[in-house]
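Step one of this worksheet: look at the structure below.
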Amino acid sequence: MDLTGKKIVLGLTGGIACYKAAELTRALTKAGAAVQVVMTESATHFITSVTMQALSGNTVYTDQWDARIANNMPHIDLTRDADAILIAPCSADFMSKLAHGGCDDLLSTLCLARPAGVPLLIAPAMNVEMWQNAATQRNAAQLRADGIHLLGPDAGPQACGEIGMGRMLEAQQLLESMIAFFTPKLLAGKRVLLTAGPTFEPIDPVRGITNLSSGKMGYALARAALYAGADVTLISGPVALTAPDGVHCIAVQTAREMHSAVMSHIAGQQVFIAVAAVADWHIVNTSAQKLKKQNDGTSPALAFGLNPDILAEVAALPKRPFCVGFAAESENLLAYAEEKRRRKNIPLLVGNIAHAAFGQDSNTLTLFDERGHTELPRADKQELATLLIAEIAHRL
């Protein structure tokens, strides 16, 4: 899941958010995109073309009369092989130009002269009062009606000291928006429910039983499903991860809390992906106070109770969604994973070796279905998530 082979014209207009454009340029190029920067004269007062050239690796254009292009028509040539134009930051003034067809500089002229097949995306950035002004809102509505994609803005503290809507999205958010834009919408209109991460079963107020799952695979799948156009709900155990923008995330701790959340949200879902490493047991005789070490060397006697089997219960529903399970094993993966798939009566199970997957950024997955098993080569978890979402969409 990247931008390899994509050519993006990145336009900068005047605003303090230009500093974010530097980070965005680096993120886009790191994701594989070729970035061609075009700046308005106002933008050069906030960040230099030298900086943007160094980060993009390409000549930066600021003048519509730039003679470095042979035919002296940068407003034409710069967009003819572009996959998209992204204006970030996009000021209130530039939004007005776009809405009314103004073209008095290179950036506005190339936007107006772009071919019909080149999408235009903008990331508004301005003071809260400017954003809320009726004229700006009319322009925003017109731009949407014209097929221009608005990314943001966001709310929060602003450089002027005021607080409210109008902040440009962060570079990572814009990168994810661009990747999502180019991702085929294989799950458009589908509702997907996922579980991710470990569960934590308390022993006393400060101790508990958990596992080494980081949640990275589940979060990668949530992101991939979102990019594929799905309405995504993620039920997550305790992890040190941030859910992607646009994913409805529900935080839980114990297996029973995860079970309750899943059963409360499963109605109407077309796909259920059980990625979480759910504890099989919980502690029945939990202590309300911290258990103290005994001087005689004895250990507390812990009584275990069986946790609900979330995946099996969902798979047994009369109108069940398409169910995908995960199996993390320490040995005999082929035998144990296939047995689990059959026992829980699910169409697809994804297996891996736990010590090679937990906490890692990459993984090796084996897919089990009624036809047998298929191993996917070791790859980054986000790449594997994209492949798995495509496989699920195909099976649907």
Subject >> Steps toward side-chain contact (heavy atoms from CB on, under 4.5 Å) verdict (Arg167, Gln158) >> reply: CA-CA 7 Å; Arg167 284 174 56 93; Gln158 301 186 328; 4.1 Å; yes

Original post:
Do Ile392 and Ile273 come within less than 4.5 Å of each other through their side chains, counting heavy atoms only?
Top reply: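 SC-SC contact between Ile392 and Ile273 confirmed.
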
Original post:
Do the non-hydrogen side-chain atoms of Tyr227 and Lys185 ever get within less than 4.5 Å of each other?
Top reply: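 Counting from C-beta outward, Tyr227 and Lys185 never come under 4.5 Å.
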
Original post:
Thr233 side chain to Leu193 main-chain N or O, any donor-acceptor pair under 3.5 Å?
Top reply: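 No; judged by distance alone, with no hydrogens or angles, the pair does not exist.
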
Do we see a donor-acceptor contact under 3.5 Å between the side chains of [X] and [Y]?
| X | Y | value |
| --- | --- | --- |
| Tyr219 | Ser236 | yes |
| Glu313 | His259 | yes |
| Asn133 | Glu129 | no |

Original post:
What heavy-atom pair brings Asn211 and Pro198 nearest, and what distance separates the two atoms?
Top reply: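 Here Asn211 and Pro198 meet closest at OD1-CB, 3.2 Å.
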
**OP:** Apply salt bridge (charged side-chain N to carboxylate O under 4.0 Å, His left out) to Asp77 and Arg80, showing your working.
**Re:** CA-CA 5 Å; Asp77 289 8; Arg80 288 308 181 260; over 6 Å; no

Original post:
So does Arg26 pair up with Glu23, basic N to acidic O under 4.0 Å?
Top reply: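 A salt bridge is absent here (no side-chain N lies under 4.0 Å from a carboxylate O).
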
Original post:
Is Arg395 positioned over the aromatic face of Phe322, cation under 6.0 angstrom from the ring centre and no more than 45 degrees off axis?
Top reply: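 Relative to the ring axis of Phe322, which defines the angle, Arg395 lies outside at least one limit.
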
Subject >> ILVMFWY cluster membership beyond Leu306 - transitive side-chain contacts under 4.5 angstrom >> reply: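 Traced through the cluster, Leu306 reaches Ile203, Ile209, Trp281, Ile283, Leu291, Leu302, Phe304.
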
**OP:** Working to the nearest 0.5 Å, report the span between CG of Asp380 and CG of Leu384.
**Re:**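 It comes to 7.5 Å.
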
Subject >> Full working for side-chain contact (heavy atoms from CB on, under 4.5 Å) between Ile122 and Ile148 >> reply: CA-CA 7 Å; Ile122 67 172; Ile148 296 174; 4.1 Å; yes

**OP:** Carefully, step by step, assess Arg341 and Asp369 under the rule salt bridge (charged side-chain N to carboxylate O under 4.0 Å, His left out).
**Re:** CA-CA 8 Å; Arg341 187 193 71 82; Asp369 60 16; over 6 Å; no

Original post:
Taking it one step at a time, do Thr195 and Val252 satisfy side-chain contact (heavy atoms from CB on, under 4.5 Å)?
Top reply: CA-CA 10 Å; Thr195 63; Val252 298; over 6 Å; no

**OP:** Would you check, one step at a time, whether the test side-chain contact (heavy atoms from CB on, under 4.5 Å) holds for Phe94 with Asn139?
**Re:** CA-CA 10 Å; Phe94 202 80; Asn139 290 335; over 6 Å; no

